[in-house]
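Following this message is one structure expressed as structure tokens.
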Amino acid sequence: MKKRFYITTPIYYPSAKLHIGHAYCTTLTDIFARSKRERGYECYFLTGADEHGLKIEKNAEAAGVTPQAFVDNIVEGFYKLWDLLKISNDDFIRTTQTRHTETVQKIFTRMLNKGDIYLGKYEGWYCRYCESFWTDTQAGPDKVCPDCGRPVQKAEEEAYFFKTSKYVDSLMKFFDENPKFLIPESRKNEMINTFIKPGLDDLCVSRTSFSWGIPVVENPKHVVYVWLDALTNYITALGYDSKDDSLFKKYWEDEETEIIHILGADITRFHAIYWPMFLESLGIRKPDREFVHGLLMMKDSKMSKSKGNVVDPYPLVEKYGVDAVRYYLAREVNFGSDGSFSPEQFVERINVDLANAYGNLLNRTVSMINKYFQGTIPAYQGQKTDFDGSLESMIELTIDSYEKAMDDLKITEALTYVNELVNRANKYIDETTPWVLAKDSEKVDELASVMNHLSRALFVASRLYHPVLVTASDKAFTQLGLSEEKALYENVHDKHLLDNLTVNKGEPLFPRLDPVVEVPFINELMSGNK
Ligand code: ME8
């Protein structure tokens, strides 16, 4: 395993407010970054905003403001959301920042001088009214403008292109030599069969029909077009080809860094095909892994404002708290598969896993330690019964399976191991029946052992939940009497960690949600009425 990590999310378009799909990707990336840092690895985490392009230019015009003012306003909302969700990114790149625009211009020049970019003609469907070019797919079967609905005409404009043909063979070789590059693996065949085998067109990398973009130095009526501008953020943010490139050296060039991009299935093609080609053209290393997550549907159909099924994460977090929303996103939809958001499942997930299983286990354990041992956790005395032995092995097994799953970005699976440990610990209470042991003075050691084992199971579960439940886990540590230092991840295998600590009973971590009240509330949120 490499010793440090560089992990990124896509940079989202500030053409409108972010929705729960963006929050899903950023939260899951954050969970991975936090879990690595907690386990003692360096991890640099980047997210940002992709601020150029026709759509933003048009939205700004409609709003009667400059494109810069338009994106400034929306990006303010990105910051607020990531703050609310406690996203621990180390940097936030905006493609309008000089550190990005200057380097993109240098990259363009280098590719042009190398002959990898050439001037040609872009053919598309043109709407005279909107002054916009559209692709075949965007114009649809009726060949109308997707913005205004008027008929569009075939037209040409001068544009620069990136020579993909030059890099196809080495891309295929790269895929072969790096079977773990694209995850899930099925995505690789999809890329090859859908895009490469039928023949890949050269990629248009400049436009003249709008101006909100980075000017091409050699020919300033052109602006750099979308994917060359967007993808290079992953290196411009690290200071590639700039005065201070220390981060680039550390987090990109050094082979001891594992570079991981997280992205949604909608943009796999750009990351899996064009990005490695751009990097090869620049003569720099390709990422180690690209993890493609599925898309969230809302109530089984695509999110759309007109259907009233867009989930705005802001009010959801405000109402239910950061931990509940982070947990739901990480646990409900298997990271890598498509899934859906549903208010009923949201409420049930929080109630079953967090309120009933985890929160209740903590509550019961702390109450029993107060009742039977005046608030002091009895010291570890080995395994008094087979039940103790079986819980101890389960704890070790859970840590091991959790770490393996997390390393493979199987975040949902990692959480199920913690859920199983919590359920096992609840069952252990039923098996050991502490209330019966408490009535027999000869069983006091056994009872003490039960309390110690339960506390340790709770510590380990809380530690493993911590990258997700960023506030509740800390509260659990406090209730178990663990100082910040004692609660460190490096102590997960220490059987004596909980010895003689004083518990502090607190509020329930997750109050039960009443579905009769909460489901209609979330439905209202989704219809935009709240
Ligand atoms: O594509 N479910 O930006 P974007 C889950 N700027 N995730 C979703 C989602 C959904 N329904 N909808 C969006 C762009 N996402 C470019 C990226 S990167 C160099 C440039 C997430 O604002 C998912 O991660 O359209 C998807 O890939 C990304 O947001 C697209 O965000």
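Side chains are part of it too, since the values below use all heavy atoms of this structure and drop only hydrogens, waters and symmetry mates. In each ligand, atom 1 is the first atom listed, and ligand 1 is the first ligand listed.
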Would the Phe181 and Phe174 ring centres measure less than 6.0 Å apart? yes
Ligand 1 to Gly21 polar contact by distance, N or O atoms, under 3.5 Å: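 N/O-N/O distance under 3.5 Å: yes.
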Are Tyr44 and Phe5 near enough that their ring centres are under 6.0 Å apart? no
Tyr234 to ligand 1: N or O pair under 3.5 Å?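 The answer is no, given that Tyr234 and ligand 1 share no N or O pair closer than 3.5 Å.
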Relative to Tyr41, does Arg4 satisfy both conditions: NZ or CZ under 6.0 angstrom from the six-membered ring centre, and within 45 degrees of the ring's axis? no
Using a strict 4.0 Å threshold on nitrogen-to-oxygen distance, state whether Glu256 and Lys3 make a salt bridge. no
Distance flag, aromatic centroids of Phe162 and Tyr118, threshold under 6.0 Å: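 Not close enough - the centres of the two rings lie 6.0 Å or further apart.
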Check Ile267 against ligand 1 and report side chain, backbone, both or neither, counting heavy atoms closer than 4.0 Å. side chain
Check each atom of ligand 1 against the heavy atoms of Leu295 and keep those under 4.0 Å away; list them by number with element. 2 (N), 5 (C), 7 (N), 8 (C), 9 (C), 10 (C)
Which ligand 1 atoms are under 4.0 Å away from a heavy-atom of Asp266? 26 (C), 27 (O), 30 (C)
Kindly say whether Leu469 contributes a backbone atom to a donor-acceptor pair with the side chain of Ser473 at under 3.5 angstrom? yes
Under 4.0 Å from a heavy atom of His19: give me the atoms of ligand 1 that qualify, with their elements. 9 (C), 12 (N), 13 (C)
Go through ligand 1 atom by atom and flag the ones less than 4.0 Å from a non-hydrogen atom of Asp50. 6 (N), 16 (C), 20 (C)
Using a 6.0 Å distance limit plus a 45 degree cone around the ring axis, check whether Arg207 lies over the aromatic ring of Tyr225.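 Checked: cation-pi criterion met.
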Number the atoms of ligand 1 from 1 as they appear, then name those within less than 4.0 Å of a heavy atom of Gly264, with their elements. 23 (C), 24 (O), 26 (C), 27 (O)
Test of proximity, Leu263 against ligand 1: N or O pairs below 3.5 Å: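 Such a contact does not occur with ligand 1.
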Non-hydrogen atoms of Trp227 versus ligand 1: any pair closer than 4.0 Å?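 In this structure, Trp227 qualifies as a contact of ligand 1 - some heavy atom is under 4.0 Å.
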Mark up the atoms of ligand 1 that fall under 4.0 Å of a heavy atom belonging to Ala230, in ascending order. 19 (C)
Out of all atoms in ligand 1, which are within 4.0 Å of some heavy atom of Cys25? Include the element for each.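 Answer for ligand 1: 24 (O).
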Check: Tyr24 N/O within less than 3.5 Å of ligand 1 N/O: no
Do Lys17's NZ or CZ and the ring of Phe78 fall within the cation-pi criteria of under 6.0 Å and 45°?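 Relative to the ring axis of Phe78, which defines the angle, Lys17 lies outside at least one limit.
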I'd like to know whether Lys319 forms a salt bridge (Lys or Arg N to Asp or Glu O under 4.0 Å) with Glu518, so could you lay out the CA-CA distance, the side-chain angles of the two residues, the decisive distance to 0.1 Å, and finally the verdict. CA-CA 10 Å; Lys319 168 98 178 160; Glu518 306 306 337; 3.7 Å; yes
Whether Tyr122 and Phe133 hold their rings parallel, tilted or perpendicular, with breakpoints at 30° and 60°: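 Tyr122 vs Phe133 ring planes: perpendicular.
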Between Thr9, Ile11, Thr95, Leu296, flag the one that comes closest to atom 16 (C) of ligand 1 by a heavy atom.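 Considering heavy atoms of Thr9, Ile11, Thr95, Leu296, the nearest to atom 16 (C) of ligand 1 sits in Ile11.
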Within-shell test, Met297 vs ligand 1, heavy atom, strictly < 4.0 Å: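 Per 4.0 Å heavy-atom rule, Met297 does not contact ligand 1.
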For Gly294, atoms of ligand 1 separated by under 4.0 Å from a heavy atom: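 Reading through ligand 1 atom by atom, the close ones are 5 (C).
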